[in-house]
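Below: the structure, in C-alpha cells.
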Amino acid sequence: MANPPAVLMVELVMSIDRMIQSAQTAQEKQSHLVIPGEWPAQVVLGHVSQVDEQVWMPRIAKMCTAFAAGDEPPSFDWWEPDATATYDRFKDMSLSEAAALAMSVRTQLLSVIKELTPELWTATAEHEAFGHIDIAGLIIQILTHDEEHRASLV
C-alpha cells in the first residue's frame, strides 16, 4: 500500500526535526574537530533548506502544472545547488540560525504539499536517477536525501 499523504507530511516534519537534533548533537560533540571535505552542521542544514527551496518545491510545482494542463510529465536531471557556494553561504551562520531556516523552508514545502488535491498527488515526472516518479515518490526521495545528510552528522 502506498504511503498516505498525511503520513508523508508528518515524516517530512519529523525528518527535519531529527536532522536539527543531529546537527545540535554533532556540534556539541565535535565542535573541536575539523574534518577535511565534511561540511559543518550549519552548512548541512543550509544545504537541505536550499534543496527544499530550489529543487523540491519547483519540481512539485512543475509536476502539478503539467498534470493540470494535461501536458506530458516534466523531465528532470539530477541537480543540487553548488557545493562551494553552499559552504560559503552557510559556513559562518550560527547553528540556531541554520536550524530556524531549515525548519522555515521545510514548513513552506509542507504548505505547498498540504494544498495538493488527491488528483495532483498523481502528477508524475521522469527523473534521470529516480525514473518515473509521482509526488509521493518524490517525497520519499526528499526523505532519503535528508537521511543521507543526517548520516554525515551522526
Side-chain angles (χ1 to χ4, degrees), residues 1-29 38-83 86 89-90 93-154:
M1 174 180 212
N3 293 306
V7 171
L8 292 171
M9 288 187 278
V10 168
E11 286 295 331
L12 284 169
V13 173
M14 290 171 45
S15 181
I16 200 68
D17 184 59
R18 281 190 304 269
M19 188 173 303
I20 290 167
Q21 289 178 21
S22 294
Q24 291 166 337
T25 300
Q27 187 180 55
E28 291 167 9
K29 291 185 175 181
E38 290 292 321
W39 282 344
Q42 74 274 14
V43 176
V44 172
L45 291 175
H47 167 73
V48 169
S49 68
Q50 281 184 315
V51 174
D52 278 2
E53 187 172 52
Q54 297 174 22
V55 179
W56 306 128
M57 284 190 273
R59 289 183 176 191
I60 290 169
K62 286 180 185 178
M63 291 167 72
C64 291
T65 299
F67 178 83
D71 295 339
E72 290 292 314
S75 293
F76 300 129
D77 295 330
W78 179 262
W79 182 85
E80 284 192 326
D82 179 74
T86 297
R89 178 175 173 197
F90 297 106
M93 184 178 275
S94 72
L95 183 60
S96 62
E97 289 172 316
L101 176 64
M103 187 58 80
S104 174
V105 175
R106 182 56 56 94
T107 301
Q108 292 171 30
L109 173 62
L110 285 164
S111 293
V112 167
I113 294 167
K114 180 180 79 166
E115 297 302 318
L116 298 179
T117 64
E119 293 79 25
L120 288 175
W121 274 89
T122 67
T124 62
E126 296 297 327
H127 192 283
E128 74 174 351
F130 311 142
H132 189 76
I133 193 166
D134 62 6
I135 298 292
L138 188 67
I139 293 172
I140 295 297
Q141 294 304 323
I142 296 169
L143 295 168
T144 300
H145 180 256
D146 284 0
E147 285 305 302
E148 289 169 355
H149 285 291
R150 192 174 79 80
S152 73
L153 298 171
V154 295

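Just so it is clear, the model here is predicted, and its values are computed rather than measured.
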Using 0.5 Å steps for rounding, measure from the NE2 atom of H127 to the CZ atom of R59. 4.5 Å

Run the numbers on F76 and I133 for side-chain contact (heavy atoms from CB on, under 4.5 Å), then give the verdict. CA-CA 10 Å; F76 300 129; I133 193 166; 5.9 Å; no

To the nearest 0.5 angstrom, please state how far the OG atom of S15 sits from the CD1 atom of I20. 10.0 Å

Step-by-step side-chain contact (heavy atoms from CB on, under 4.5 Å) determination, K114 to M9: CA-CA 8 Å; K114 180 180 79 166; M9 288 187 278; 4.2 Å; yes

Quick one: pull up CZ in R18 and CD in E11 and give me the separation to the nearest 0.5 Å. 6.0 Å

S152 versus V44: any side-chain heavy-atom pair under 4.5 Å? yes

Is there a side-chain contact between I139 and W121 (heavy atoms, below 4.5 Å)? yes

Which heavy-atom pair separates A23 from L45 by the least distance, and what is that distance? CB-CD1, 3.8 Å

Under 3.5 Å, is there a donor-acceptor pair between the E80 and H145 side chains? yes

Below 4.5 Å, heavy atoms only, C-beta onward: do M63 and P73 meet side chain to side chain? no

Any side-chain heavy atom of L116 sitting closer than 4.5 Å to one from C64? yes

Is R106 reaching over with its side chain to a backbone N or O of D52, donor-acceptor style, under 3.5 angstrom? no

With a 4.5 Å limit on heavy-atom distance, are the side chains of L153 and W39 in contact? no

Could you measure the distance from the NE2 atom of H47 to the CG atom of D82? Nearest 0.5 Å is fine. 11.0 Å

Looking at every heavy atom in both W56 and I142, which two are closest together, and how far apart are they? CD2-CG1, 3.3 Å

Please report the shortest heavy-atom distance between H149 and M19, naming the atom on each side. CB-CE, 4.4 Å

What are the two closest heavy atoms between I60 and L109, and how far apart are they? CD1-CD1, 3.9 Å

Quick check against the 3.5 Å criterion: does T65 have a side-chain atom that pairs as donor or acceptor with the backbone of A61? yes

Tell me the closest heavy-atom pair linking A102 and S49, and the distance in Å. CA-CB, 3.9 Å

Between L143 and L12, does a side-chain contact (heavy atoms from CB on, under 4.5 Å) hold up when you go through it step by step? CA-CA 7 Å; L143 295 168; L12 284 169; 3.8 Å; yes

Shortest non-hydrogen contact from W79 toward Q54: CH2-OE1, 3.5 Å

Quick check: are there more than 12 heavy atoms from other residues, nucleotides or ligands sitting under 6.0 Å from CD of E72? no

Kindly compute the distance separating CG (L138) from OG1 (T144), expressed to the nearest 0.5 Å. 10.5 Å

Going by the rule side-chain hydrogen bond (donor to acceptor under 3.5 Å, both in side chains), which residues pair with Q108 if we only count those two or more places apart in sequence or in a different chain? none

